[in-house]
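Here is the structure we will look at.
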Amino acid sequence: MKPIIAVVGPTASGKTALAVALAERLKTEIISADSMQVYRGMAIGTGAPTPEEQARARHHFVGMLDPFEQFTAGTFGRQARVAAAMLNASGKPAIVAGGSGLYVRAFIDGLFPGPGKDESIRARLHAEAEFAGAAALYERLQAVDPAYAEIILPGDLRRIVRALEVFEITGQPFSKLHQEHREAEPPLDALLVGLDWPRDKLYARIDARVDAMLEAGFIDEVRLLMEQGYTERLMQLRTLGYREFAAHLLGRQTYEEARAAMQQNTRRYAKRQLTWWRGDSRIHWLPQSADTTPEQRADSIVALAGM
RNA sequence: GCCGAGGUAGCUCAGUUGGUAGAGCACUGGACUGAAAAUCCGGGUGUCGGCAGUUCGAGUCUGCCCCUUGGCA
């Protein structure tokens, strides 16, 4: 029996409903690996588990932070491992469900024990990039960590800054720390299950889910966040849906434009999620269709896990 | 009905003096270890409305037809 069952898949693939059904069967709790559902006041637009779903199974890492607070994959990975260990200690498996690939990886594989982010270093490096161009920073990365420079692309400023930040703090190349961690620390023992929909069915589910969010009062949710002063935060996060409807509420686009953009950007996000997981050979992909229920899916996974 | 404008990629359009077509968006493939619903990179997918004519060669010139659209009736 596996101590961890991780349910992954693109947005709108039914991870939450499946996780709840699984948790009920196994009498355990759910660890949400979702970088946006951790925030309060964003339940509708992030498709967070409903109060009813949370009553059926306890969810960790949902609605626990103010949108102004910073959260990172590293923090999540550490805290989630603690939560899973506590469940395992009382004889329960941990159900992990989430769409944030990096969060799932931080949990299962762990991140190297290097430094977290340093806002002042990042601000300085971004200012440098503004002044001298991203290419100048990329050249510096080539000098201090040629192996990593080879992996990322010269235009990927975010990763260039991160790697230089790690080098400044530790004096070690990013790729070396990464490599050492992989060799030193094995991944957690987990059953990885992927929800696999035909592309057209998945896109139809995404479009329908956006409309369901709008009917559930998504615009009011965005308006309330803006009234509370989170406008820039929402725009800075560029969070799916919130960005589009914040722009709508600011008069920059019509309702229909915002709705269409939210659906399109969500479809693109789903595509990126699929790319992330397609390369992971540990995942058992379960073909999905509309005529199976979350309960039936949960039963087949319980069987797969040998529990 | 008459006059004008236009039919080229899924959409909006570009296309010199005739040399079998290309931009943006859409779509799609990929990368990715502390901002990750973020960030970055690659890929042109086509009866050029139809049929004939001129020509070595037609998206391009000519004729007829079909369709869309604006104006006048």
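Taking atom CD1 on A:Ile121 and atom P on B:A35, their separation rounds to 12 Å, with Å as the unit. The CG atom of A:Leu125 sits 13 Å away from the P atom of B:A35 (whole-angstrom rounding). Atoms CD1 (A:Ile169) and P (B:U33) sit 18 Å apart, rounded to a whole Å. Rounded to whole Å, the distance from CH2 on A:Trp276 to C1' on B:A38 is 11 Å. To the nearest angstrom, P of B:A38 lies 19 Å from CD1 of A:Ile152. With rounding to whole Å, A:Asp145 atom CG is found 13 Å from B:U33 atom C1'. Between the C1' atom of B:A36 and the NZ atom of A:Lys271 lies a distance of 16 Å, rounded to the nearest Å. One atom, CD1 of A:Ile160, and another, C1' of B:C40, lie 9 Å apart when rounded to the nearest Å.
For A:Phe174 and A:Phe167, the gap between ring centers reaches or exceeds 6.0 Å.
Annotation: B:G19 and B:C3 have their C1' atoms spaced 36 Å apart (nearest Å). Using atom C1' as the reference point in both B:G50 and B:C11, the two lie 23 Å apart (nearest Å). Comparing B:U68 with B:G43, their P atoms are spaced 39 Å from each other, to the whole Å. Using P as the reference atom, B:U69 and B:G15 are 24 Å apart when rounded to the nearest Å. One C1' atom belongs to B:G10, the other to B:A73, and the distance between them is 39 Å to the nearest Å. When the P atom is used for both B:C40 and B:U45, the distance is 26 Å, rounded to whole Å. For B:C48 and B:U60, the C1' atoms lie 10 Å apart once the distance is rounded to whole Å. Taking atom P in both B:U8 and B:G1, the straight-line distance is 24 Å, to the nearest Å.
Contact annotation for A:Asp34: base contact, defined as any heavy-atom pair under 4.0 Å involving a base atom. Counting any heavy atom pair closer than 4.0 Å across all strands shown, A:Gly279 reaches no nucleic acid atom. Residue A:Tyr203 is in sugar-phosphate contact alone, with no base atom involved, counting any heavy-atom pair closer than 4.0 Å across all strands shown. Residue contacts for A:Phe76: at a heavy-atom cut-off of 4.0 Å it reaches no nucleic acid atom on any strand shown. Across all strands, A:Arg278 comes closer than 4.0 Å only to sugar-phosphate atoms, never to a base (heavy-atom distances). Within the 4.0 angstrom heavy-atom criterion, base atoms lie near A:Thr46. Nucleic acid contact for A:Gln273: none, since no nucleic acid atom lies under 4.0 Å from a heavy atom of the residue. Contact annotation for A:Gly155: backbone-only contact, meaning every heavy-atom pair under 4.0 Å involves sugar-phosphate atoms and none involves a base. At a threshold of 4.0 angstrom between heavy atoms, the contacts of A:Ser100 are confined to the sugar-phosphate backbone, with no base atom among them. Among the atoms of the strands shown, none is found under 4.0 Å from any heavy atom of A:Gly77. Looking at heavy-atom distances under 4.0 Å, A:Arg182 makes contact with a base.
In this structure B:U12 sits in a base pair with B:A23, meeting the Watson-Crick or G-U test at under 3.5 Å. Base pairing of B:U39: its partner is B:A31, meeting the Watson-Crick or G-U wobble criterion (both donor-acceptor distances under 3.5 Å). Pair assignment for B:C2: B:G71, on the basis of Watson-Crick or G-U wobble contacts that are both within less than 3.5 Å. Pairing partner, B:G59: none, since no Watson-Crick or wobble contact has both distances short of 3.5 Å.
Proximity of A:Pro93 to A:Ile4: side-chain heavy atoms (C-beta onward) are nowhere separated by under 4.5 Å. Using a 4.5 Å heavy-atom cutoff, the side chains of A:Arg56 and A:Glu52 are not in contact. Annotation: side chain of A:Ile5 is in contact with side chain of A:Leu26 (closest heavy-atom distance under 4.5 Å). Using a 4.5 Å heavy-atom threshold, the side chains of A:Lys176 and A:Gln179 count as separate.
Residue A:Lys15 forms a side chain to side chain contact (heavy atoms under 4.5 Å, CB included) with just one option from A:Asp34, A:Val20, A:Leu195, and that option is A:Leu195.
An OP1 or OP2 oxygen of B:C27 is reached within less than 4.0 angstrom by a side-chain nitrogen or oxygen of A:Arg267. Phosphate contact (OP1/OP2 of B:G34, side-chain N/O of A:Arg162, threshold under 4.0 Å): present.
Using a 30° and 60° split on the angle between ring planes, A:Phe71 and A:Phe76 fall in the perpendicular class, above 60°.
Distance from the side chain of A:Arg199 is smallest for B:U28 among the nucleotides B:A35, B:U28, B:U33. When distances run from any side-chain atom of A:Asp156 to the nucleotides B:U33, B:U39, B:A36, the shortest one goes to B:U39. Which of B:A36, B:G34, B:C40 sits closest to the side chain of A:Leu153 comes down to B:C40. You'll find that the side chain of A:Arg158 is closest to B:U39, out of B:G29, B:U39, B:C32. Each of B:U28, B:U39, B:G34 was ranked by its minimum atom distance to the side chain of A:Arg78; first place goes to B:G34. Looking at the side chain of A:Tyr269, the nearest of the listed nucleotides B:A38, B:A31, B:U33 is B:A38. Considering only side-chain atoms of A:Arg272, the nucleotide from B:U33, B:A31, B:C41 that sits closest is B:A31.
Ionic pairing of A:Glu221 and A:Arg223 is not present here: no N-O contact between side-chain nitrogen and carboxylate oxygen is shorter than 4.0 angstrom. A:Arg259 has a carboxylate O that lies under 4.0 Å from a charged side-chain N of A:Glu256, or vice versa, which qualifies the two as a salt bridge.
Between A:Arg105 and A:Gly241, the one whose closest nucleotide on RNA chain B sits nearer the 5' end is A:Arg105. Toward the 5' end of RNA chain B, the nearer of the two residues A:Arg159 and A:Tyr103, judged by each one's closest nucleotide, is A:Arg159.
For B:G30, the base is anti relative to its sugar; the glycosidic angle deviates from 0 by more than 90°.
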